[in-house]
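Since the structure comes first, as structure tokens, the remarks are kept for the end.
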Amino acid sequence: MHEAYDIQHVQEKWLPIWDQIQPFRSGKADDPRPKKYVLDMFPYPSGDLHMGHAEAYALGDVIARYWVQKGFNVMHPIGWDSFGLPAENAAIKRNSDPREWTYENIEIQKSSMRRFACSFDWDRVLHTSDPEYYKWNQWLFLEMYKKGLAYRKDAAVNWCPTCQTVLANEQVVAGLCERCDSVATKKKLNQWYLKITDYADRLLDDMQQLEGQWPEKVLMMQRNWIGRSIGAEVDFAIEGRDAPVTVYTTRPDTLHGATFMVVAVDSELATELVTGTGVESDFAKYLESVKAATDIDRLATDRPKTGIFLNRYAINPVNGEKIAIWASDYVLADYGTGAIMAVPAHDQRDLDFARAMKLPVTVVVESDEEDPNISGVATTGDGVMVNSGSLNGLNKADAINKIIEELAGKKLGKSAKNYRLRDWLISRQRFWGTPIPIIHCPSCGEVPVPHDQLPVALPSAKGLDLKPKGTSPLGAVEDWVNVACPQCGAAAKRDADTMDTFFDSSWYYLRYTNPNLSDQAFDRKEIDKWLPVDQYVGGVTHAILHLLYSRFFTKALHDMGYLGFTEPFSKLLNQGMVLMDGSAMSKSRGNLVKLSDELATHGVDAIRLSMVFAGPPEDDVDWADVSPAGSLKFLNRAWRISGDITSPAGCDFTKGDLALRKVTHKALHEISFAVETFRFNVAVARVMELVNATRKAIDSGCGAADPAVREAAEAIAISLSLVAPYTAEEMWERLGHKPAIALAGWPTIDPALLAEDAVTVILQINGKIKDRIEVSPNISETELEKLAFENPEIKAALAGAKPSKIIVRAPKLVNIVL
RNA sequence: GCCCCCGUAGUCCAAUGGCAGAGACAGAGGACUUAAAAUCCUUCCAGUGUCGGUUCGAGUCCGACCGGGGGCACCA
């Protein structure tokens, strides 16, 4: 019988020893190693860890442990994103305080992480629901308030009728609440916003720094989300109104083709324009019907155009034509100026509207395509300007430049930019979040809570009705909400809303530098030492929200003088999801795989290895495709080698078998390269090869006593320590070393051992392989060419024919072209 | 509708423009065993979605199409 190691025993054996050694503490002041900040996205404490966590932390650990082996002072912290709705919902169900559920779950996850052998620095833990943390949320909010980055406004906001709270734009997905999939509605409310739009250009332009360091997909998603558009603003005089109406257009070149104007029906402008026209009641009816429609209705792509003529006219500034003003819901009140010039010939939406309302269509760009009047298809491409006065004959780009110049000269327009990005709504009408540190005073208005009164702590939820009812439960806590105004002392009320939890996670990576600091959010000296994050690891689900907000916070803090950098995460790795049979795991789907079951059956190392080896880290892992049993088999195979070694620890490797030494050094070299380029699956494959080669050397080669075999075994153990820490530690002990292998150090690679003695050269004729020859890797091109022509196969194939071209790539191939 | 990514054995996946197969899963056969498990060894299988181009040479670069996935979407 072949021995196999006892997984559970090995796990229990090493955990207390590692607790003692603490190989991953990064807080020592005199640490001479260069720094590396490796960060895993922190979890939400929603019960025990699941398969997705296991994948994410297995991958993050490969990176963190690799850099430790390479001699870096790695900060690899963990914390909990512990405010949020699930805790509140659980509290409602259990009739308890959200704190109980939250901190219970944190303890459960913490002990699972320890067992999973995550290389976290347990001295740097934070929870966003601790008053010591959210105090600094409040401080940060007030700093932003001072700078005008936090402000209140009335607006129609997204509202989830089930969660009974407002939602950020980013939290409405296809018209549904991202959390509970209820149809989101609109509600007019006075709410707190952060002015992220002030940073739109920098959020876009700074992505240059991230090119090649972040997944292209994420950069693309952020670009799409910010949605910068470049165009012009044009003033249209309005009959019977002193001030003109400004429209935004990306196609000022088509201004001569503007045959009507459309204003957003739900804009103040529309209401103002309709007043006194006699169509007020029809307008009101239309507005009501639009308001009744949900976002779902609005998103229907083939929805017919609707609208109402406002019985008023604008004057086209370039040709003096009187054009009708309509109100419609296809123009958005909160984008651009809420009013557009309609050019039906060259914009499909305008054309659809014109055809529905029987409005004129004037072609001003001539192209090969059919007249939109006939085809019903707007021509949106480039062409030659016609019917456009001074622009006639120009192409699109030239016409845009010229018209903007002309309009600017007459003070009728200018170039302009617009963004799809909107300001970030952060008020939430829920209990389990950071209270907004503002006091509303009847005479002083909004008053910030003075710094020495922070944190504004959450009261106990005891006896509180947390059920969603549209206003914050905090408003009902009399002795909490009623306070004296810090300015005039009069009776005033606290703002009862709490902050979006994305606020909490937008700066937590700064706090890890000293999570226990009590007089500041963070210490600039520590920040300068550790930040920016060298490697961020997390799911692509946060590609827009969390990453965009964090980038915004970093830039805002930079501008306030608190940070010396403008991008928080230098490198980003997005791991894929763990699926089962092709779809996301869920209880209702019946394809849930429990992490605890998998760990009990196969052990921590085999599960970690399976996650890492399943494929490229960015790809989804289908658990149906992986074999944890196979992983365990391999680990046993590797472990057995450590027991076969008969040479003493510390023996001289240079006396070992040269062939195996070369294999070992080449493997180490390739494993390093694969890890640094995130091809962890390839790195594992290389370790497997090394194990196979070592097995062969022991059984039928140089034998177990050869120092090269020990060298190989130690290389295997150290490589495996990135993925399978228990097995690696066990091997290390059997090899006669003391723990922890995590600190063993990456073996030094001897470049001389990477050089091949002989390489195979391919000999081709017309790209077809005729023969292979062994040559020295240092062979010159002329020498190689000579050898090729001396080769019998080549000679035979050539049969005296004269080559027209000879390609020599020493020491790889010779291709003779006839 | 606009934009992005991906198509390699039965499966998951490797391959700085240079021998398509590194590694694994599954399958088949064998060794060991009274037998099984475990272990070890051997082995089968595709020519890279399709068509065209660039090149001495294309899985890799370019173009079109087909298929799959994703982002944005009445954003003027």
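A note on names: the letters A, B, ... follow the listed sequences, proteins ahead of strands, and every chain is numbered from 1. As the structure is a computational prediction, the values presented were derived from the model and not from experiment.
- Relative orientation of the W326(A) and F353(A) rings is perpendicular, given thresholds of 30° and 60° on the angle between their planes.
- Distance check on atom C1': C19(B) versus G57(B) gives 12 Å, rounded to whole Å.
- For S627(A), counting side-chain heavy atoms from C-beta on, the closest listed nucleotide (C19(B), C25(B), C13(B)) is C25(B).
- The phosphate of C4(B) has neither OP1 nor OP2 within less than 4.0 Å of any side-chain N or O from K217(A).
- Contact between the side-chain N/O atoms of K633(A) and the OP1/OP2 oxygens of C25(B) is found at a separation under 4.0 Å.
- Of the listed residues (V687(A), T727(A), L635(A)), just one forms a side chain to side chain contact (heavy atoms under 4.5 Å, CB included) with L609(A), and that residue is L635(A).
- Listed nucleotides A14(B), A76(B), C19(B) differ in distance to Y248(A); the shortest reach to its side chain belongs to A76(B).
- Residue R809(A) places none of its side-chain N or O atoms closer than 4.0 Å to OP1 or OP2 of C56(B).
- Taking atom CD1 of residue I762(A) and atom C1' of nucleotide C56(B), one finds them 13 Å apart after rounding to whole Å.
- Following rounding to the nearest Å, E670(A) (CD) and A15(B) (P) show an atom-to-atom distance of 11 Å.
- At whole-Å resolution of the value, CE in M577(A) and C1' in G69(B) are 11 Å apart.
- Checked by distance alone, Q348(A) brings no side-chain donor or acceptor within 3.5 Å of a matching partner on the base of G1(B).
- Atom CG of D622(A) is separated from atom C1' of A24(B) by 16 Å (rounded to the nearest Å).
- Across all strands shown, Q764(A) has heavy atoms under 4.0 Å from base atoms, whether or not it also approaches the sugar-phosphate.
- Using a 4.0 Å heavy-atom cutoff across all strands shown, N224(A) reaches at least one base atom of the nucleic acid.
- Going from atom CZ of F613(A) over to atom P of C13(B) covers 11 Å, rounded to whole Å.
- When Watson-Crick and G-U wobble pairs are counted only if both distances are under 3.5 Å, C56(B) pairs with G18(B).
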